[in-house]
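As structure tokens, the structure follows; a few thoughts come after it.
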Protein chains: 2
Amino acid sequence: MLPATPTKRRKAAPADEQGGLRMTRQRQEVYETLLAHRDHPTATDVFLRVKDRLPNISLATVYNCLEVLVEHQLVRQVNFEREPSRFCPNLEQHGHFHDRGTGTILDVKFKKGVKLSDVLDLPPGAVVQDIEINLRGLLRTT
Amino acid sequence: MLPATPTKRRKAAPADEQGGLRMTRQRQEVYETLLAHRDHPTATDVFLRVKDRLPNISLATVYNCLEVLVEHQLVRQVNFEREPSRFCPNLEQHGHFHDRGTGTILDVKFKKGVKLSDVLDLPPGAVVQDIEINLRGLLRTT
DNA sequence: GAAAAAATTTAGAATAATTCTTGCTATCGG
DNA sequence: CCGATAGCAAGAATTATTCTAAATTTTTTC
Ligand SMILES: [Mn+2]
Ligand SMILES: [Mn+2]
Ligand SMILES: [Zn+2]
Ligand SMILES: [Zn+2]
């Protein structure tokens, strides 16, 4: 006999909720700001941009929104050295190239069909969950 | 006629100077501490270890020593996310694997003969000066 | 080898990105 | 509408790191 498990159906998500993330106005604007420019802005950059549309937003809220967007994997956090974190809405697996000349950060696609183990001598038993590839150099403007 | 260039020979480096780096006691101990364990310690870790041998060393000095060792390329600085920097005396080109289970950071060798351009779609004109590969995951202990 | 100059070390203060705390507001489920 | 939960804003707190200034050590000059 089955135990009397009450048929606890998953709580219906509100209309504006996506993947457990409640898309508030602030989160929406932060996310759209990232989508709009895709130039890997810092939290402060995002703050300044969003302020045009939401003049009362606080920097703490921008940090909160970015954190929750990262947690829900709508956005990636990109760190170069110990500089302020940057944020990227490109969800394809990719790396980053930092041009020391201009400070620009560019997305770098991974070539198709390349396996990590073709390139790296992984420690035995290593289960890789996350890959981060950061390049630094110069963009020779031809 | 040659101009009267005074025969300005390169200033002789003091005996303890290597590649422009003066190997002071503090730098020596910091460097040897890194060589001794190769477990990617933080500045504070190094500070605590070196204090056993140089009880008067200050944390600021450890930071200074690490900085100068990195500048002179005897040591590499390794950053995972926004955690405190770690330091690595392995000068071969390599990446790092961070085991989320234990916090251990392992060196990951690059396979021989693999070119970056085999793996990544580099932006046109990009001259890569520095490569950083950081992996995160679990070490399945078999 | 002393004096002067330069480099290094030290302790503590300052910095800056990020996180935390708290009170307020908005939204949700009923 | 009501109580509960989640999110926001402002400012304080945190913390790894850098800076400052005075003391010490090392190197150079005489
Ligand atoms: Mn920016
Ligand atoms: Mn450690
Ligand atoms: Zn990106
Ligand atoms: Zn290493």
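Not measured: the values here are computed from a predicted model. A, B, ... follow the sequence lines: proteins, then strands. Residue 1 opens every chain.
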**Prompt:** What is the per-nucleotide protein-contact pattern of nucleotides 2-14 of chain D, from the 5' end, where B denotes a base atom under 4.0 Å from a protein heavy atom, S denotes such proximity for sugar-phosphate atoms only, and - denotes neither?
**Reply:** ----SSSBBB---

**Item:** SB check D130(B) R136(A) (cutoff 4.0 Å)
**Value:**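 So D130(B) pairs with R136(A) through a salt bridge.
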
**Pair R49(B) + D39(B): basic N to acidic O under 4.0 Å** =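 Judged by the 4.0 Å cut-off on N to carboxylate O distance, R49(B) and D39(B) do form a salt bridge.
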
Would you mind reading off the distance between [X] atom [atom1] and [N] atom [atom2], rounded to a whole angstrom?
X: E83(A); N: dT17(D); atom1: CD; atom2: P; result: 14 Å
X: M23(B); N: dA7(C); atom1: CE; atom2: C1'; result: 15 Å
X: L54(B); N: dT25(D); atom1: CG; atom2: P; result: 13 Å
X: Q28(A); N: dT27(C); atom1: CD; atom2: P; result: 14 Å
X: D45(A); N: dT18(C); atom1: CG; atom2: P; result: 11 Å
X: L59(B); N: dT18(D); atom1: CG; atom2: C1'; result: 11 Å
X: N79(A); N: dA17(C); atom1: CG; atom2: C1'; result: 11 Å
X: L48(A); N: dA17(C); atom1: CG; atom2: P; result: 12 Å

Gap separating the [atom1] atom of [X] from the [atom2] atom of [Y], nearest 0.5 angstrom:
X: E132(A); Y: H98(B); atom1: CD; atom2: NE2; value: 12.0 Å
X: L66(B); Y: R86(B); atom1: CG; atom2: CZ; value: 12.5 Å
X: T104(A); Y: F97(A); atom1: OG1; atom2: CZ; value: 9.5 Å

**Message:** Taking the axis from the first five pairs and the axis from the last five, what angle separates them in the helix from dG1(C)-dC30(D) to dG30(C)-dC1(D), rounded to 10 degrees?
**Reply:**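 For the helix from dG1(C)-dC30(D) to dG30(C)-dC1(D), the axes at opposite ends meet at about 40°.
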
**Prompt:** Which residues satisfy the ring-ring contact (aromatic ring centres under 6.0 Å, His included) test with Y63(A), sequence neighbours excluded?
**Reply:**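 Once residues adjacent in sequence are excluded, Y63(A) has no partner under the ring-ring contact (aromatic ring centres under 6.0 Å, His included) criterion.
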
**Request:** For S85(A), report the nucleic acid contact type (base, sugar-phosphate, nothing); a contact means any heavy atom under 4.0 Å.
**Result:**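 The residue S85(A) makes sugar-phosphate contact but no base contact.
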
**Item:** Beyond-backbone contact of V78(A) with S85(A), side-chain heavy atoms, under 4.5 angstrom
**Value:**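 The answer is no, as the side chains (C-beta and beyond) never meet within the 4.5 Å cut-off.
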
**Prompt:** Does H96(B) reach the side chain of C88(B), with side-chain heavy atoms less than 4.5 Å apart?
**Reply:**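 Touching, per the 4.5 Å side-chain cut-off.
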
**Request:** Might you work through the side chain to side chain contact (heavy atoms under 4.5 Å, CB included) test for F87(A) and R76(A), ending with a clear yes or no?
**Result:** CA-CA 6 Å; F87(A) 296 88; R76(A) 287 184 49 191; over 6 Å; no

**Prompt:** Is any side-chain nitrogen or oxygen of Y63(A) closer than 4.0 Å to OP1 or OP2 of dT18(C)?
**Reply:**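 So the side-chain polar atoms of Y63(A) do come within 4.0 Å of the phosphate oxygens OP1 or OP2 of dT18(C), strictly under.
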
